[in-house]
Amino acid sequence: MTALWQSLRRFDTLALRLTLVLAVGGTLASMYSLTFSEWYLQHQMRQYRAGMIARSVADIAGHIAANDHADMILLASNRIRGAHLLQDASAPVLGADPAIDQALSSGLPRGMTAHSFRTDPAVCAGRPGVAYVRAAAGMLAIPPECWAVDLSVPPSDGQVTHHRMAFDMAPLPLLLSVRQSPDYLALVALAALLLSFLVASITLRFMRRLAVASRAFSSDIAAAPIPETGPRDVRETFAAFNQMQQRIREAMQERAQILAAISHDLQTPLTRLRLRLDLLPDEGVRARLFNDVEAMQRLVTEGLALARSGESADDWVMLDMESLLASMVEDMTDAGLGEVTLGHVDPVEVRVKPDALHRCLQNLIDNALRYGGQARLDCWQEDDRIVLSVTDAGPGIPEALLDQMFEPFVRGDSSRSRRTGGTGIGLTIARAQASTFGASVSLANAAQGGLIASITIPLPIY
């Protein structure tokens with residue numbers, strides 16, 4: 001379950017959320033608009049049918065009111081196309097349409113009333129001539145809609161007359177609703193998804209540019225600013241980021257300049273102090289004071305190195321890890337700096353800043369020799385990253401203090417660190433140097449004892 005959740009979290013992006021929201025919203029909007037269009041079309045066709053029946057009834061009612069016997073004979077003998085008198089008053093009632101009754105009430109002459117209902121199509125289709133006419137129109141296989149109308153004519157001789165007529169109409173086509181068409185729904189959803197993906201990609205393109213620039217700035221304080229292009233609000237965002245980047249760069253440079261000035265100014269009085277210590281007659285006191293002065297000089301030097309640790313002016317190059325580690329082991333062995341060995345090394349190359357990587361590794365090796373007595377270097381590839389490790393044979397560090405060890409002037413064992421001469425900022429400098437080429441540094445206790453310091457370098461994705 002945890003693995004499934006972790007795999008799903010990779011798709012939890014703003015672009016995907018925007019795509020889904022726009023796609024679902026677009027699909028629902030399309031369904032609603034098409035459903036409304038279908039309803040409106042059906043409504044218009046019903047109004048047209050009601051008008052046709054009302055005009056036919058009004059025409060016939062006019063002839064009845066005028067006592068036009070010739071038209072009445074034609075109607076009774078089924079010789080008027082589309083309408084005839086019903087002799088059988090028992091036509092079944094299958095439904096009604098208020099639109100027809102409304103059209104009848106507004107279209108009939110004064111005093112006449114009419115009521116309509118839908119009846120069995122056989123009432124209309126069975127009369128003479130209908131089958132021939134419908135066959136000629138290509139509608140033989142489609143049963144007609146048959147509407148019966150009861151017409152009441154006001155008395156002209158003192159008696160109300162009632163007439164029941166039938167009108168055959170072409171059936172209204174029953175439109176297939178979008179909700180009943182899976183293929184159409186799939187087509188609408190696919191179109192909405194593609195359009196939403198395009199909109200989300202265009203909208204979030206500036207965020208990807210901002211993310212790339214942020215990662216570049218986190219790795220290199222001298223990274224180039226973002227070109228201020230695009231819509232006005234995007235340009236304003238890029239301008240604000242560039243301004244922030246410039247102010248951070250100026251602040252870092254100012255800090256380095258201040259520390260460099262302090263370091264330079266302290267060198268002269270410390271040198272004078274050492275010269276004057278030579279004049280002290282007590283050799284024991286002189287030795288202790290010499291140690292204090294040397295500790296002060298180390299603190300000044302390391303403080304300056306810490307201030308400049310987040311900067312790296314060297315160029316990016318491709319380095320062979322096996323050659324680099326082998327040369328470092330050889331150099332330190334020849335210099336007699338301690339027991340440094342080479343463990344397992346995969347034959348890999350990685351693009352880094354060589355001076356920054358060398359300084360980072362050197363600090364980790366110095367720590368391993370100072371607190372663990374020896375150092376073993378390993379290198380291997382894990383999926384999309386390269387891992388360099390420095391393992392010592394020391395007592396390790398309590399798990400609760402591992403993350404705190406990267407903070408300036410924090411030591412895992414204060415008494416041991418003072419005895420061994422550490423300043424407590426070696427790991428801080430190592431992590432800062434690693435960040436200049438996009439790497440990270442972490443600590444872990446080895447299962448067999450000792451501490452493992454690892455440098456993880458991500459490989460570029462092509």
Side-chain angles (χ1 to χ4, degrees), residues 2-3 6-7 9-10 215-216 218-220 309 312 314-335 337-397 399 401-403 405-406 412 426-462:
T2 304
Q6 291 294 334
S7 62
R9 287 188 62 183
R10 291 189 302 173
R215 285 193 292 269
S218 67
S219 300
D220 185 4
S309 60
S312 180
D314 54 325
D315 296 327
W316 293 81
V317 297
M318 293 296 296
L319 280 184
D320 180 74
M321 291 293 101
E322 188 173 12
S323 299
L324 173 66
L325 297 181
S327 64
M328 292 189 70
V329 170
E330 183 178 356
D331 291 343
M332 299 196 74
T333 301
D334 292 343
L337 298 178
E339 183 183 350
V340 182
T341 59
L342 192 62
H344 172 79
V345 179
D346 286 344
V348 294
E349 291 186 351
V350 64
R351 184 173 180 268
V352 294
K353 293 187 175 184
D355 291 344
L357 176 59
H358 190 278
R359 179 64 185 277
C360 180
L361 269 173
Q362 188 66 58
N363 280 17
L364 297 181
I365 294 172
D366 289 344
N367 273 5
L369 294 176
R370 182 178 295 118
Y371 304 128
Q374 64 182 34
R376 188 186 76 247
L377 308 184
D378 298 277
C379 176
W380 66 92
Q381 181 173 350
E382 289 183 358
D383 300 328
D384 57 349
R385 59 185 181 174
I386 301 296
V387 180
L388 301 172
S389 71
V390 179
T391 306
D392 62 37
I397 297 175
E399 294 290 336
L401 298 178
L402 288 177
D403 290 336
M405 296 306 299
F406 292 100
L427 289 176
T428 307
I429 295 174
R431 172 171 282 186
Q433 288 288 308
S435 68
T436 62
F437 54 90
S440 60
V441 180
S442 60
L443 299 177
N445 288 307
Q448 296 79 17
L451 187 69
I452 302 175
S454 301
I455 304 173
T456 302
I457 308 172
L459 293 176
I461 299 176
Y462 299 103

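The figures that follow rest on heavy atoms only: side chains count, while hydrogens, waters and symmetry mates do not. What you are looking at is a predicted structure, and each value in this text was computed from that prediction instead of being measured.
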Do Gln374 and Val340 have side-chain heavy atoms sitting under 4.5 Å apart?
no

Does any non-hydrogen side-chain atom of His358 lie less than 4.5 Å from one of Met328?
yes

Other residues, nucleotides and ligands only: do more than 12 of their heavy atoms fall within 6.0 Å of CG on Asp320?
yes

Is there side-chain contact between Tyr371 and Pro395, with heavy atoms separated by less than 4.5 Å?
no

Can you tell if the side chain of Ile452 reaches within under 4.5 Å of the side chain of Val390, non-hydrogen atoms only?
no

Quick check for you: to the nearest 0.5 Å, what is the distance between Met318 atom CE and Arg351 atom CZ?
8.5 Å

Minimum heavy-atom distance Trp316-Phe437, with the two atoms named:
CH2-CA, 3.3 Å

Val441 vs Cys360, side chain to side chain contact (heavy atoms under 4.5 Å, CB included): CA-CA, chis, key distance, verdict:
CA-CA 9 Å; Val441 180; Cys360 180; 3.9 Å; yes

May I ask you to decide if Leu427's main-chain N or O and Asn363's side chain share a donor-acceptor pair within less than 3.5 Å?
no

Can you check whether Leu459 reaches Val350 side chain to side chain, under 4.5 Å on heavy atoms?
yes

Distance, nearest 0.5 Å, that separates CZ of Phe406 from CD1 of Ile429
13.0 Å

Asn367 side, atom CG; Leu451 side, atom CG - distance, nearest 0.5 Å:
9.0 Å

For Leu342 versus Val345, what's the shortest heavy-atom pair and its separation?
CD1-CG2, 3.7 Å

Pairs involving residues 443-457, ordered by first then second residue, that meet side chain to side chain donor-acceptor pair (under 3.5 Å) (sequence neighbours left out):
Glu399-Asn445

Is a donor on one side and an acceptor on the other found under 3.5 Å between the side chain of Arg376 and the backbone of Gly343?
no

Can you name the closest pair of heavy atoms from Thr436 and Ala356 and give their distance?
OG1-CB, 3.3 Å

To the closest 0.5 Å, what do you measure between OG (Ser327) and CE (Met332)?
11.5 Å

Within-4.5 Å side-chain heavy-atom neighbours: Val387 and Cys379:
no

So how far is it from Glu349 CD to Ile386 CD1, rounded to the nearest 0.5 Å?
10.5 Å

Should the pair Asp355-Lys353 be classified as a salt bridge under the 4.0 Å nitrogen-to-oxygen rule?
no

Closest heavy-atom pair, Asp392 versus Gly372, reported as atoms and distance to 0.1 Å, is CB-CA, 3.9 Å

Quick check: do Leu377 and Ile365 have side-chain heavy atoms less than 4.5 Å from each other?
yes

Below 4.5 Å, heavy atoms only, C-beta onward: do Leu357 and Leu388 meet side chain to side chain?
yes

Short side-chain to backbone donor-acceptor contact, Gln381 and Asp383, under 3.5 Å:
yes

Return the minimal non-hydrogen interatomic distance between Ala439 and Ile457, and the atom names on each side.
CB-CG1, 3.9 Å

